[in-house]
Amino acid sequence: MAQKISDAELEVMEAVWQLPDPCTSAQLQTALSKKNWKQTTLLTFLTRLTEKGLLTTKKQGKQNLYSPALSREGYLARETRSFLAGLHGGSLRSFIAALNAGEKLQEEELDELRSWLESQ
């Protein structure tokens, strides 16, 4: 099972997914400039994400190039499966019931769900 990542690590991954592949820590520092993280903080996140298997690192001269080891869509699918398994025993029905919280679904929502389920 994959290790969970922190909210800050997810922010770094969001930047990696948005930048050209591969990217450098300098490009990431610029993309995340609103965070006001020190370079060492960013490098710590990059190391952790590499250790967790979400990034690959390639040395080029004196700098590292970072590439996502998993697409954003792949990450979201993995996290969603983990969430469903952990909180709902893998049951989509249980998940939808929890989202519904006792309120009746609108006919339009039911039609969308039926259409989606039929396409699977």
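On a predicted model such as this, the values are computed, not experimentally measured, just so you know.
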Would you confirm whether [X], through its side chain, and [Y], through its main-chain N or O, come within 3.5 Å as a donor-acceptor pair?
| X | Y | result |
| --- | --- | --- |
| Ser82 | Arg78 | no |
| Ser94 | Gly90 | no |
| Gln29 | Trp37 | yes |
| Ser115 | Asp111 | no |
| Ser33 | Thr30 | yes |

How are the rings of His88 and Phe95 set to each other: parallel, tilted or perpendicular (split at 30° and 60°)?
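Perpendicular.
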Can you find a heavy atom in the side chain of Thr24 that is under 4.5 Å from one in the side chain of Asn64?
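Heavy-atom side-chain distance check fails, nothing below 4.5 Å.
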Would you indicate whether the side-chain heavy atoms of Arg72 and Met13 approach each other to under 4.5 Å?
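Of all side-chain heavy-atom pairs linking Arg72 with Met13, none is under 4.5 Å.
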Nearest-0.5 Å distance, CD of residue Glu9 to CG of residue Leu46
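Going from the CD atom of Glu9 to the CG atom of Leu46 covers 10.0 Å.
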About how many Å separate OH of Tyr75 and CD1 of Ile5, when rounded to the nearest 0.5 Å?
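Here the rounded value is 3.5 Å.
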Which atom of Trp17 lies closest to which atom of Ser71, heavy atoms considered:
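Closest approach of Trp17 to Ser71, heavy atoms only: NE1-C, 3.6 Å.
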Audit row: Glu107, Arg114, salt bridge (charged side-chain N to carboxylate O under 4.0 Å, His left out) steps and yes/no
CA-CA 10 Å; Glu107 193 62 37; Arg114 277 188 202 103; 3.7 Å; yes
